[in-house]
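The next block holds one structure in the form of structure tokens; read it before the comments.
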There are 2 protein chains.
Amino acid sequence: MSDILQDPGTDGAATDSVTSRIERICVEKGLRMTEPRRVIARVLSSTDDHPDAEELYERVKVIDSSISMATIYRTMKLFEEVSIVSKRDFGDGRARYEKVSGPEDHHHHMIDVESGEVLEFYNQELEDLKIRIAKDLGFKLVDHHLELFGVRISEKKH
Amino acid sequence: MSDILQDPGTDGAATDSVTSRIERICVEKGLRMTEPRRVIARVLSSTDDHPDAEELYERVKVIDSSISMATIYRTMKLFEEVSIVSKRDFGDGRARYEKVSGPEDHHHHMIDVESGEVLEFYNQELEDLKIRIAKDLGFKLVDHHLELFGVRISEKKH
DNA sequence: TTACATGCAAAATATTTGCGTAGGA
DNA sequence: TCCTACGCAAATATTTTGCATGTAA
């Protein structure tokens with residue numbers, strides 16, 4: 001159920017002295033950099049999974065226990081508006097947040113219904129097809145959600 | 001925001017004397033047919049949109065005002081388990097329910113982000129592609145959610 | 001200085017559940 | 001009759017918000 005990855009190559013949010021990538025994006029976007037935002041930005045920077053508000057709150061509290069849940073929600077809303085994160089729904093009752101690295105990072109999710117494990121995938125054919133479908137219906141696509149739910153094929157069928 | 005359609009040809013849930021299609025399915029599946037279930041089944045039968053629990057509750061209350069919200073939720077859960085309805089998420093905070101007519105009725109949603117209007121579509125290429133993607137990832141597809149969010153292309157661009 | 005972000009706690013929403021009763025098979 | 005579904009209200013779970021205070025620019 002947990003799939004945290006570190007990406008020390010492009011980021012480095014583990015150290016306090018370094019400005020995290022998302023912190024830099026906040027500055028670029030002209031957001032006021034408060035201490036809670038800085039901490040949340042760092043937590044997101046060093047994250048490659050899909051935490052819900054509660055999980056983010058836990059991770060953030062380790063660094064600064066004075067940060068409140070309300071700030072998590074308010075910051076996620078703000079970060080979503082400026083495309084720093086995107087909100088996801090994996091069918092359980094809560095929102096998940098995922099950092100957006102850029103258009104090149106676009107992907108979808110394959111969810112293992114037995115273990116809850118989430119795989120990410122990208123498929124160019126699918127991207128093209130979605131744009132085409134929307135266009136045929138008379139729409140310009142602004143967003144889309146695609147989640148596949150499946151069970152692992154045990155081994156090769158012999 | 002409302003897109004109720006009637007299908008008197010295949011159903012006929014408007015009259016009290018007739019058993020609705022979903023009522024018949026309930027019986028086939030061996031469900032105990034209580035009065036609330038009968039009413040909810042009829043409401044669903046005469047519906048072709050995607051009501052949330054509140055909307056269903058309103059429609060059901062018109063027929064029998066003694067039916068409670070708890071029963072709406074309990075019945076939706078039951079109906080989902082036996083594939084009479086499927087639960088959908090259109091990005092606002094609540095679940096929507098949609099009757100399932102059968103595999104031949106499978107479709108997805110194109111949501112107009114400006115008006116909230118929901119169009120349904122089906123695309124065979126997309127179906128094939130999803131199965132193929134899941135297979136490539138080592139999964140057998142058991143379910144999937146696809147929602148496209150877009151804005152209407154005003155007129156032809158000239 | 002001053003506008004805006006924060007913490008706190010209460011509110012709003014959506015959904016679920018315990019319990020005693022009613023009703024279908 | 002007997003088991004299950006029901007209504008009611010209270011409980012949960014998630015997210016939002018009003019208000020007084022704190023803080024970045």
Side-chain angles (χ1 to χ4, degrees), chain A residues 19 22-44 50-58 60-61 63-82 84-98, chain B residues 19 22-24 26-44 50-58 60-82 84-98:
Chain A
T19 307
I22 291 178
E23 266 181 275
R24 290 193 295 273
I25 296 173
C26 287
V27 173
E28 273 168 37
K29 306 229 180 197
L31 302 181
R32 179 188 278 196
M33 280 320 283
T34 63
E35 185 56 21
R37 283 185 190 165
R38 217 180 293 280
V39 172
I40 293 169
R42 280 182 201 179
V43 165
L44 283 174
H50 321 88
D52 59 23
E54 187 65 40
E55 285 167 340
L56 273 177
Y57 183 49
E58 296 303 325
V60 157
K61 270 201 301 189
I63 303 176
D64 183 342
S65 64
S66 72
I67 294 171
S68 74
M69 190 58 135
T71 295
I72 301 288
Y73 278 111
R74 280 192 278 234
T75 305
M76 284 307 98
K77 188 177 221 172
L78 174 72
F79 280 10
E80 203 194 352
E81 280 162 12
V82 299
I84 289 175
V85 303
S86 68
K87 205 194 242 182
R88 297 286 158 190
D89 170 57
F90 293 162
D92 44 14
R94 54 238 149 100
R96 310 277 190 140
Y97 302 93
E98 168 176 74
Chain B
T19 307
I22 291 178
E23 266 180 275
R24 289 193 296 272
C26 288
V27 173
E28 275 168 34
K29 307 229 179 197
L31 302 181
R32 178 188 279 196
M33 280 319 284
T34 63
E35 184 56 21
R37 282 186 190 164
R38 219 180 293 281
V39 172
I40 294 170
R42 280 183 200 179
V43 166
L44 283 174
H50 321 88
D52 60 23
E54 187 64 40
E55 285 167 341
L56 274 176
Y57 182 49
E58 297 303 326
V60 158
K61 270 201 303 188
V62 172
I63 304 176
D64 182 341
S65 63
S66 72
I67 294 172
S68 74
M69 189 57 135
T71 295
I72 301 289
Y73 278 111
R74 280 192 277 234
T75 305
M76 284 307 99
K77 189 177 221 172
L78 175 72
F79 280 10
E80 203 194 351
E81 280 162 11
V82 299
I84 289 176
V85 302
S86 68
K87 205 193 244 183
R88 296 287 157 190
D89 169 58
F90 293 163
D92 44 14
R94 53 235 149 102
R96 311 279 191 135
Y97 302 93
E98 169 177 73

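Just so it is clear: chains get the letters A, B, ... in the order the sequence lines come, proteins before strands, and each one is counted from 1.
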Next item on the list: Encode nucleotides 15-20 of chain D as B, S and - characters from 5' to 3', where the letter depends on protein heavy atoms closer than 4.0 Å: B to the base, S only to sugar-phosphate, - to neither.
Entry: BBBB--
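B:E80 has its CD atom 12 Å from the P atom of C:dT15, to the nearest Å. Atom CG of A:D92 and atom P of C:dT15 are 13 Å apart (whole Å). As a whole-Å value, the separation of A:I67 CD1 from D:dG22 C1' is 14 Å. At whole-Å resolution of the value, CG in B:D64 and P in D:dC6 are 11 Å apart. Between the OH atom of B:Y57 and the C1' atom of D:dC6 there is a distance of 13 Å, rounded to whole Å.
Residues B:I72 and B:A53 share a closest heavy-atom pair of CG2-O, 3.9 Å. Here the closest non-hydrogen pair linking A:C26 and A:I84 is SG-CD1, 3.9 Å. Contact record, B:I67 with B:P36: CD1-CA, 3.7 Å, taken as the closest heavy-atom pair. Taking both residues in full, the closest heavy atoms of A:E80 and A:S86 are given as CG-CA, 4.4 Å, listed atom of the first, atom of the second, then distance.
Across its full length, the helix from C:dT1-D:dA25 to C:dA25-D:dT1 shows an angle of 40° between the axes of its 5 terminal pairs at either end, rounded to 10 degrees.
Put simply, CG on B:D52 and CE on B:M76 are 11.5 Å apart, with the number rounded to the nearest 0.5 Å. To the nearest 0.5 Å, atom OH of residue B:Y57 and atom OG of residue B:S65 are 8.5 Å apart.
Between B:Y97 and B:K87, some side-chain heavy-atom pair lies under the 4.5 Å cut-off.
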Using nucleotides 23-25 of chain D, report all nitrogen or oxygen pairs with the protein that are shorter than 3.5 Å.
residue	atom	partner	partner atom	Å
D:dA25	OP1	A:M33	N	3.4

Checklist line | side chain to side chain contact (heavy atoms under 4.5 Å, CB included) between B:L56 and B:I40, worked out | finding: CA-CA 8 Å; B:L56 274 176; B:I40 294 170; 5.6 Å; no
Notebook entry, point to check: Do A:V27 and A:E23 pass the side chain to side chain contact (heavy atoms under 4.5 Å, CB included) test, and can you show the C-alpha distance, the side-chain angles, and the key distance before you say yes or no?
Noted result: CA-CA 6 Å; A:V27 173; A:E23 266 181 275; 5.7 Å; no
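Each of A:E55, A:E98, A:R96 was evaluated against A:H50; a single residue qualifies, A:E98, per the side-chain hydrogen bond (donor to acceptor under 3.5 Å, both in side chains) test.
Taking the charged nitrogens against the carboxylate oxygens, A:D92 and A:R94 do have a contact shorter than 4.0 Å, which makes a salt bridge.
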